[in-house]
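The structure under discussion appears below in the form of structure tokens.
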Amino acid sequence: MDIYEKKSIYDRINGNPYVGRGICVGLSEDAENAVFAYFIMGRSANSRNRVFTIRDGELFTEPFDASLVEDPSLIIYAAVRSFQNKVVVTNGDQTDTIIDGLKAGKSFSKALESREFEPDSPNWTPRISAMLELGKKYSYQMSILKSIDAEGSDCARYTYSYPARPGLGHFIHTYVTDGNPIPTFQGEPERIIIPNSIEEFADQIWNGLNESNKISLYVEYINLKTQMSEFRLINKNEK
């Protein structure tokens, strides 16, 4: 087993019916772009009734059909926000917790100490988060907050810090695969290949995700010299 093996994101997710929500972060092979992606999947009608939208430069989830919303608490949130030279991407409203923490002088992990996994027994969906630091030396951190046991009695907290390396990215997702209850992500974030082309990367993710359960995808490439960004947004539900 090669612990340093990198795979394409397509190979990581293709054939898996349900990886849930996922975050990818890394550096393009030419070392020119900081890269991140966020996708959502869903099994229930409530979860599938969503789209991504951009408002004031920030990414939000919102209902596709507002009349069908059953419980907005865990499915409607700001997924991507920025503060100074930092970009935060998460799978829930802990995006706001991290941004508020940064504004108060807290670190990424310290800001998340007030949060835990989602209260959706029996799945106890993990909260996954990432922060890109776009300073002179680009680096990134990832976090997962997950239940320590099947009863949801307490929260285990894991934070990973990475120096950016050309062509290398890391992928973390909420679930191993489908199930009842759904098995929680295990181990360290998975190593993936980050191509130079945003189109290639977006296509790998979207085409690799299960057709029945995929909902929305957002991919962004940020040029480290100019700070100019390019993004791709795909919604299965189109308004």
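- Listed here is the closest heavy atom pair of Phe117 and Pro126: CB-CA, 4.3 Å.
- Asn207 contributes a side-chain N or O that, together with a main-chain N or O of Asp203, makes up a donor-acceptor pair within less than 3.5 Å.
- Glu133 places no side-chain N or O within donor-acceptor distance of the main-chain N or O of Met131, the cut-off being under 3.5 Å.
- In this structure, Lys146 fails the cation-pi test against Trp124, since its NZ or CZ atom is not both closer than 6.0 Å to the six-membered ring centre and inside 45 degrees of the ring normal.
- Considering only heavy atoms from C-beta on, Ile172 stays 4.5 Å or farther from Glu190 through its side chain.
- Salt bridge status for Lys225 with Glu32: absent, with no side-chain N to carboxylate O gap under 4.0 Å.
- Checking Ser28 against Asp30 by side-chain atom types alone, a donor-acceptor pair falls below 3.5 Å.
- Under the 4.5 Å side-chain criterion, counting only non-hydrogen atoms from C-beta, Ile98 is not in contact with Phe83.
- If you chain together hydrophobic residues whose side chains sit under 4.5 Å apart, Val25 and Phe231 fall into the same group.
- Between Pro166 and Glu29 the shortest heavy-atom distance is CB-O, 3.5 Å.
- For the pair Arg12 and Phe171, the NZ or CZ position fails the cation-pi test of under 6.0 Å to the six-membered ring centre and within 45 degrees of the ring normal.
- For the ring-ring contact (aromatic ring centres under 6.0 Å, His included) with His173, the lone residue among Tyr38, Phe185, Phe39 that qualifies is Phe185.
- Judged by distance alone, with hydrogens and angles left aside, the side-chain atoms of Asp96 form no donor-acceptor pair with the main-chain N or O of Asp100 at under 3.5 Å.
- In the model, Ser229 has a side-chain atom that pairs as donor or acceptor with a side-chain atom of Glu220 under 3.5 Å.
- Nearest approach of Ile193 to Phe201, heavy atoms of both residues: O-CE1, 4.1 Å.
- No close placement of the Tyr160 and His170 rings is indicated, their centers lying 6.0 Å or farther apart.
- Using bins of under 30°, 30° to 60° and over 60° for the plane-to-plane angle, the ring pair Tyr218/Phe36 lands in the tilted bin.
- Checked by atom type, the side-chain pair Arg50/Asn235 shows no donor-acceptor distance below 3.5 Å.
- Using a cutoff of 4.0 Å between basic side-chain nitrogens and carboxylate oxygens, Glu118 and Arg21 are scored as salt-bridged.
- With salt bridges taken as basic N to acidic carboxylate O contacts below 4.0 Å, none links Asp56 and Arg81.
- Between the side chains of Thr97 and Arg115, at least one donor N or O sits under 3.5 Å from an acceptor N or O.
- Between Pro195 and Tyr221, the shortest heavy-atom distance links the atoms O-OH, 2.8 Å.
- Results of the side-chain contact (heavy atoms from CB on, under 4.5 Å) test with Ser129 over Val89, Leu112, Val88, Thr159 single out Leu112 as the only residue that passes.
- Between Glu211 and Lys214 there is a salt bridge, since at least one side-chain N of the basic residue sits less than 4.0 Å from a carboxylate O of the acidic one.
- Across every non-hydrogen atom of Ser139 and Pro163, the tightest pair is CB-CA, 4.4 Å.
- With Asn33 contributing its side chain and Val35 its backbone, the two residues share no donor-acceptor pair below 3.5 Å.
- In this structure, Asn237 contributes its side chain and Val51 its backbone to no donor-acceptor pair below 3.5 Å.
- Side-chain atoms of Asn123 never come within 3.5 Å of backbone atoms of Thr125 as a donor-acceptor pair (strictly under, hydrogens ignored).
- Using a 4.0 Å cut-off between charged side-chain N and carboxylate O, Lys106 and Glu113 make no salt bridge.
- Under the 3.5 Å distance criterion, the side-chain polar atoms of Asn91 are matched with a main-chain donor or acceptor of Ile128.
- Looking only at atom types and distance, the side chain of Thr90 has a donor-acceptor partner in the side chain of Thr95 under 3.5 Å away.
- Just one of Lys236, Arg48, Arg43 meets the side-chain hydrogen bond (donor to acceptor under 3.5 Å, both in side chains) condition when paired with Asn213; it is Arg48.
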